[in-house]
Amino acid sequence: MALQVYNTLHRRKELFTPQHEGFVGMYVCGPTVYSHSHLGHAKSYVSFDVIVRYLRSLGYRVLYVQNITDVGHLTDDADQGEDKLARQAGIERIHPMQLAETYTRSYFEDMDAMNVLRADIVPRASGHITEQIAIVQALIGKGMAYERNGSVYFDVGTFPAYGKLSGRTVEDLNAGARVEINEEKKHPADFALWKKAEAGHIMRWPSPWGEGFPGWHIECSAMSMKYLGEGFDIHGGGLENQFPHHECEIAQSEGATGKPFVRYWLHNNMVTVNGKKMGKSLGNFITLKDAFARWGPQVVRFFVLQSHYRSTLDFSDAAVEGAGAGYEKLANTLRNLREKIAAAAAGGEGPGIDLDRRTAEFRGAMDDDFNTPQAIAVLFDVARELNQAFASEKNYSRSSLEAIDGWYALHAGSMLGITLENAGAGESPGTFIGSLVALLIAVRSDVRAQKLWALSDRIRDGLARIGIGLEDKKTGTTWKRVS
RNA sequence: GGCGACGUACCCAAGUGGUAAGGGAGAGGUCUGCAAAACCUUUAUGCACCGGUUCGAAUCCGGUCGUCGCCUCCA
């Protein structure tokens, strides 16, 4: 079976074939950095992280570009709003670029914690003004854009394919227009490529049309084509960006180059709370920093991947805690596996797990438009089989157990980015904590041998209160960090 | 008003024609000094509702109800 991906452009799953054999160019709309990231951002960037990881596991050389938007997006409707960064910077009384830097760092901090691989190139919109102006000039040269009072607009009438991504027509937009009529535009659906900076606007650059700033969509066209070429394989982003953002990107990019812009458009769905979109306007968002403090970044990642990227994911404390318990189960299994490996002999038989079959199931799930919930189910299937084998008290060969360890490292670790190895694991005996706990365990073992249960439980309960959980097994007592 | 989705057990969530994955929670059991972990059993004759097509429908078609997204920055 080969990789199938759902292409929003055609509203169906399609066989994935890159433009150039063995190479994939991929661009994903990055965050606008004027506040901390929330769970919705996690859904998007974890999803695309897995897509990149899986493509690489298939042997593709992936060039992954993700921008940072630090200028140009307005708070309000298309023409009257103020720059979000500038507004927030005014509130915090700092320079907009300082604000952008602060939240760019915050963003990477959160993504790093969730094991999201950094993009290969992370271009900033403010650093690509020249490229954006060049596209606007090309469009004017072709008669597809026009200047009015220092602003430049794209003329949708010159691009008949406008609407091919979102399934809308210019007529629909005309009829349902909610934005106020902008007298400068020829048609209400025309969108700004460049905006004149009024007095007092901090973020401003010189241009052929006077001082101004770029429009809301042009940055992604400029930066994606600069690094990936005029036509590339995958463009990803949140569903809410399908229209108008991505529709406009197609219009201005294909208008300027005359070439097909993107082969596969991938859109992730959103995180909801009680069925409603998590977002700033409703005030129902939870920041990643808060979520990490409560459940840990790996649990948040696991929670996200237990739903399909094109499905909504309904958030609640109970839902995340349920995911956390499942994650803990996998982590426990891995920890037990490591303990068995340490004690295993070289020879002997294996636990009889058909890893080839499970690999095929896992691959089949991922090949079907990156079905991570099904792939995770395979992770649990292997865990159950392994635990069943361990319950029998038999000893298995080291190599057979190491093969399973390697299987998890590849499928859970490399492909899904789910780190199980260190979850809750006790420090190695050499560390300060490890030595201390080992001493307490040794003392408690003597106490237990004398059946002094009250004292024994006092040690266990006391350790539990400071985050160290003991487990008494036939082979001895082990410990792990607990919350 | 236009465009587009969704509705699967107590919760989260796969499944798009062949007889309901997985995780959590709950119940019972095994093991254990007791726990914890793990294992076993169990929990939707049923997939919003009503029709239709079919040998066969959660899956396809039509209708009804409900929820949501986009159309304004938004992952």
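When reading the values below, keep in mind they use all heavy atoms of this one structure, side chains included, and skip hydrogens, waters and symmetry mates. Just so we're clear, the structure is a prediction, and the values are computed from it rather than from any experiment. Chain identifiers are assigned alphabetically (A, B, ...) following the order of the sequence lines, protein sequences preceding nucleic acid strands; residue numbering begins at 1 within each chain.
The closest side-chain heavy-atom distance from A:D317 to A:W295 is below 4.5 Å. Within the 4.5 Å cutoff, no side-chain heavy atoms of A:F302 are placed close to those of A:L416. Side-chain contact between A:I129 and A:W194 is present, with heavy atoms from C-beta onward closer than 4.5 Å.
Ring geometry, A:Y54 versus A:F370: the interplanar angle exceeds 60°, so the pair is classed perpendicular (tilted spans 30 to 60°). Ring planes of A:H246 and A:H235: perpendicular class, angle over 60° (limits at 30 and 60°).
With hydrogens and angles left out, the side chain of A:R384 and the base of B:rC39 share no donor-acceptor pair within 3.5 Å.
With B:rC12, B:rG69, B:rA14 as the choices, the nucleotide that has an atom nearest any side-chain atom of A:F303 turns out to be B:rC12. Distances from the side chain of A:P373 to the nucleotides B:rC71, B:rG22, B:rA14 place B:rA14 closest. The side chain of A:P244 has B:rC73 as its nearest neighbour among B:rA13, B:rC73, B:rA75. With B:rA75, B:rA21, B:rA38 as the choices, the nucleotide that has an atom nearest any side-chain atom of A:M270 turns out to be B:rA75.
Between A:D381 atom CG and B:rG15 atom P the separation is 16 Å, expressed in whole Å. Rounded to whole Å, the distance from NE2 on A:H308 to P on B:rU8 is 18 Å.
If you take atom P in B:rC3 and the same atom in B:rG17, they sit 27 Å apart, rounded to whole Å.
Both A:L39 and A:F302 lie near RNA chain B, and the one whose nearest nucleotide falls closer to the 5' end is A:F302. When the nearest nucleotides of RNA chain B are assigned to A:F315 and A:E385 by heavy-atom distance, the more 5′-ward of the two goes with A:F315.
A:K43 has no side-chain polar atom (N or O) that falls below the 4.0 Å cut-off from OP1 or OP2 of B:rA75.
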Report task. Produce a footprint string for nucleotides 25-37 of chain B: one letter per nucleotide, 5' end first; B if the base is under 4.0 Å from any protein heavy atom, S if only the sugar-phosphate is, - if neither. Result -> ------S-BBBBS
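A:R310 forms a cation-pi arrangement with A:Y6, by the criterion of a distance under 6.0 Å to the ring centre and an angle within 45° of the ring axis.
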